[in-house]
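Atoms within each ligand, like the ligands themselves, are counted from 1 in listed order.
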Amino acid sequence: MTDLPLALVTGASRGIGAAVAHQLAPTHRLLLGGRDADALAALAKELPGAQPWPVDLTDPASLERAAADIASLDVLVHSAGVARLGRIEEASAAAWRENFEVNTLAVVELTRLLLPALRTAHGHVVVINSGAGLNARPGWSPYAASKFAVRAFADALREEEPAIRVTSIYPGRTDTEMQQTIFKGEGREYDTTHLLKADSVATAVVTAVSATPDAHLTELMLKPR
Ligand SMILES: NC(=O)c1ccc[n+]([C@@H]2O[C@H](COP(=O)([O-])OP(=O)(O)OC[C@H]3O[C@@H](n4cnc5c(N)ncnc54)[C@H](OP(=O)(O)O)[C@@H]3O)[C@@H](O)[C@H]2O)c1
C-alpha cells in the first residue's frame, strides 16, 4: 500500500470529490479533503489507504499547516467548490467573494503550497471546472467568473510547470447536493433525468490521471447526453 502513488482530493466529503476518491482508491493512497470531519472519517473507513485531510480551504493558516506535511504528491484533484448564483443587479459582493475564495483563490494557494511536492513526484493537477467556466449565462456570472479565472490559472500553470500535468475538466450539470441547491434557486423540482452522474465526472478524472506518460489530457468537456 505504501508504494501506491499519493492523491489529495479536495471536496471529498460528498458529490464529485467523493466519487473521485472512490475511483482513485484502488490505485492510490488518498488524502480526503473537506470540512465535514465525520463524513471524511466515514469515507476513510470505506477506502483502504485513505485518511481524512480536514481543512477549511479559505483559512490560509490552516491550509499552510495541512500542506506542510506533504513532501511528495502524485495527484492533486481540486473538487471543492461553491455555487453562489445571481443576476448582476442582485448578487452581493459577499456572494462574488465566496465563489472566488473557494473556486479560485483556494485552488491557487493550495497548488502553490504543494508545488514542491508536485514537482518532486512529477505530479498531476486536476481542476474540476464547469461548463460555466466556458460560457457566462445570465444569472450565473458570480460563479462563472470564478471558474473563468481558475481556467486561466490552470492554463498558466501548465505552461509554467512543464514537469507537472494539468487537466481542466468542464462538467455540465451533475447530480450532487450543489445541483439540488441550484434547482431550488431556480424554483424547479429536482429531477436527475438530464444530469450527469458524479461517477461519470470521476471517470474523466481517472482517464486523465491514468493517461500514458507521453500524453497530456489538458481539457475534458462532459455534457449530459
Ligand atoms: N454539481 C454540478 O452540477 C457541477 C457541475 C460542474 C462543475 N461542478 C464543480 O464540481 C466541483 C464539485 O461540486 P459538487 O457538485 O460535488 O459540490 P457539492 O456536492 O456541493 O460538494 C462541494 C464540496 O466542496 C467542499 N467545500 C466547499 N467549501 C469548502 C471549504 N471552504 N473548504 C473545504 N472544502 C469545501 C465541501 O466539503 P465540506 O462541506 O465538507 O466542507 C464538499 O465536499 C465544484 O468545483 C463545482 O463547481 C459541479
Tell me whether Arg119 is salt-bridged to Glu160, with the criterion being a basic N under 4.0 Å from an acidic carboxylate O.
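Glu160 and Arg119: not salt-bridged.
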Once rounded to the nearest 0.5 Å, what's the spacing between atom [atom1] of [X] and atom [atom2] of [Y]?
{"X": "Leu85", "Y": "Glu90", "atom1": "CG", "atom2": "CD", "answer": "10.0 Å"}
{"X": "Phe153", "Y": "His78", "atom1": "CZ", "atom2": "NE2", "answer": "6.0 Å"}
{"X": "Arg29", "Y": "Asp3", "atom1": "CZ", "atom2": "CG", "answer": "8.5 Å"}

Give a yes-or-no answer on whether the side chains of Asn99 and Ser146 include a donor-acceptor pair shorter than 3.5 Å.
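No, because no side-chain N or O of Asn99 sits under 3.5 Å from a partner of the opposite role on Ser146.
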Identify all pairs of nitrogen or oxygen atoms, one from ligand 1 and one from the protein, separated by less than 3.5 Å, and list them with distances.
from	atom 1	to	atom 2	distance (Å)
ligand 1	1 (N)	Thr174	O	3.2
ligand 1	1 (N)	Thr176	OG1	3.0
ligand 1	3 (O)	Thr174	N	2.7
ligand 1	3 (O)	Thr174	O	3.3
ligand 1	3 (O)	Gln179	NE2	2.7
ligand 1	15 (O)	Thr176	OG1	2.5
ligand 1	16 (O)	Ile16	N	2.8
ligand 1	20 (O)	Arg14	NH1	2.9
ligand 1	21 (O)	Arg14	NH1	3.4
ligand 1	24 (O)	Gly81	N	3.3
ligand 1	28 (N)	Arg35	NH2	3.4
ligand 1	31 (N)	Asp56	OD1	3.0
ligand 1	32 (N)	Leu57	N	3.0
ligand 1	37 (O)	Ser13	OG	3.0
ligand 1	39 (O)	Arg14	NH2	2.8
ligand 1	40 (O)	Ser13	OG	2.7
ligand 1	40 (O)	Arg35	N	2.9
ligand 1	40 (O)	Asp36	N	2.9
ligand 1	41 (O)	Arg35	N	3.0
ligand 1	41 (O)	Arg35	NE	2.5
ligand 1	41 (O)	Arg35	NH2	3.2
ligand 1	43 (O)	Gly11	O	3.1
ligand 1	43 (O)	Ser13	OG	2.7
ligand 1	45 (O)	Ser79	O	3.2
ligand 1	45 (O)	Lys147	NZ	2.9
ligand 1	47 (O)	Tyr143	OH	2.6
ligand 1	47 (O)	Lys147	NZ	3.0

Arg225, CZ atom: more than 12 neighbouring heavy atoms under 6.0 Å
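Not more than 12 within 6.0 Å, no.
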